[in-house]
There are 2 protein chains.
Amino acid sequence: MKIGELSERTGLPASRIRFYETSGLIPAADRAPNGYRDYDASMIERLRMIDLAKSLGFSLEEISGLMATSPGERPSCETVSAALEEKLTAIDAHMKQLRETRRRVESTLRYLKENPGAENHADVSRIRF
Amino acid sequence: MKIGELSERTGLPASRIRFYETSGLIPAADRAPNGYRDYDASMIERLRMIDLAKSLGFSLEEISGLMATSPGERPSCETVSAALEEKLTAIDAHMKQLRETRRRVESTLRYLKENPGAENHADVSRIRF
DNA sequence: CTTGACCTTAAACCATGGTTTAAGGTTTAG
DNA sequence: CTAAACCTTAAACCATGGTTTAAGGTCAAG
């Protein structure tokens with residue numbers, strides 16, 4: 001399979017697939033005699049897997065670390081589970097941070113509604129959280 | 001006040017203050033005869049204001065847009081309130097997205113616990129959300 | 001008069017996740 | 001045979017928010 005077909009079947013642009021290769025996220029592709037990259041059908045699943053992990057909030061570096069155990073080997077179920085648990089914790093921390101920011105935005109908003117004359121920097125910076 | 005003192009009083013590195021200037025977020029500073037930037041005390045509040053806005057989730061471009069009404073003028077209370085309301089909405093959308101991702105991570109985790117043999121890409125990519 | 005602390009600039013560099021472009025080789029249909 | 005469609009590479013570019021570096025000017029103390 002040439003890169004164009006792999007691109008169509010995964011929905012990822014060919015440029016991104018090449019980028020993943022140069023980034024070391026996927027191994028260097030086999031080459032046809034004309035120099036074109038030649039992919040195995042298994043690469044479809046592998047790219048979908050990467051896309052799934054990305055949509056779950058994993059960075060390319062994290063994905064790279066998860067994929068790359070011994071060459072040819074697959075990450076163990078436990079390794080992936082542990083990464084997912086960590087990701088849950090990270091999401092929870094992110095949500096907590098977001099809630100705190102939301103609270104601070106609301107507090108600022110409240111201050112402005114209660115003090116409609118506060119139009120300069122000094123006034124606004126007087127807000128305390 | 002030279003940039004070093006402004007830096008100390010705001011807690012922002014001088015490099016960042018210069019960057020804000022070249023980015024157009026703050027106006028070009030007055031210069032002392034020796035060419036050094038010379039700041040007015042009001043810049044302390046202005047930078048603190050920027051830092052506050054940043055901590056509330058505003059990008060430098062958003063802050064720039066909010067600060068820059070007519071030169072010398074301050075954004076109206078209504079303009080700022082509207083921006084804060086929009087930011088609340090954006091935060092809510094972000095949190096919703098984060099909850100959805102969390103749900104998908106948990107779902108994946110559940111799948112792995114229920115199917116401990118699923119060690120290859122094809123297996124994992126078979127997960128449905 | 002020299003040393004150190006402070007200031008200046010432009011330009012390069014960092015991370016993240018790519019896309020775009022330029023210049024060219026290959027292949028396939030008509 | 002030619003044109004379109006596909007492939008190759010390296011390098012530049014994008015956004016975001018800066019920091020770091022190099023090469024130099026200025027200023028205060030001793």
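Note that the structure is a prediction, hence the values are computed from the model and not measured. Here is the naming used below: chain letters follow the sequence lines, and residue numbers restart at 1 for every chain. Both backbone and side-chain heavy atoms feed into the values below; hydrogens, waters and symmetry mates do not.
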**Asked** In whole Å, what is the span from the CZ atom of B/R37 to the P atom of D/dT26?
**Response** 15 Å
**Request:** Taking the six-membered ring of B/Y39 (Phe, Tyr or Trp), confirm whether the NZ or CZ of B/K2 is under 6.0 Å from its centre and within 45° of its axis.
**Result:** no
**Asked** Hey, are A/K113 and B/E85 close enough for a salt bridge, meaning a charged N less than 4.0 Å from a carboxylate O?
**Response** yes
**Complete:** To the nearest angstrom, the CG-P distance between B/D30 and C/dC7 comes to 16 Å
**Prompt:** Tell me: CG of A/L6 to P of D/dT8, nearest whole Å?
**Reply:** 11 Å
Report each atom pair, protein N/O against N/O of nucleotides 26-30 of chain C, whose distance is under 3.5 angstrom.
| unit_1 | atom_1 | unit_2 | atom_2 | d |
| --- | --- | --- | --- | --- |
| C/dT26 | O4' | A/Y36 | OH | 3.1 |
| C/dT27 | OP1 | A/N34 | ND2 | 3.0 |

**Prompt:** Between A/S55 and B/R104, is any side-chain donor less than 3.5 angstrom from a side-chain acceptor?
**Reply:** yes
**Asked** Between A/R18 (CZ) and D/dT9 (P), how many Å, whole number?
**Response** 7 Å
**Asked** To the nearest Å, how far apart are A/E21 CD and D/dC7 P?
**Response** 14 Å
**Message:** Using a strict threshold of under 4.0 Å (side-chain N to carboxylate O), is an ion pair present between B/E100 and B/K96?
**Reply:** no
**Prompt:** Mind checking whether A/I50 and A/M1 sit in one hydrophobic cluster, side chains of I, L, V, M, F, W, Y counted as touching below 4.5 Å?
**Reply:** yes
**Request:** Please report the shortest heavy-atom distance between A/A32 and A/D38, naming the atom on each side.
**Result:** N-CB, 4.1 Å
**Message:** I'd like to compare against my own output: the B/S/- annotation of nucleotides 10-24 of chain D with a strict under-4.0 Å heavy-atom distance to protein.
**Reply:** ------SBBSB----
**Asked** Will you find, in the side chains of A/T101 and A/Q97, an N or O donor that is under 3.5 Å from an N or O acceptor?
**Response** yes
**Asked** When rounded to the nearest 0.5 angstrom, what distance separates CZ in B/R18 from OG in B/S7?
**Response** 9.0 Å
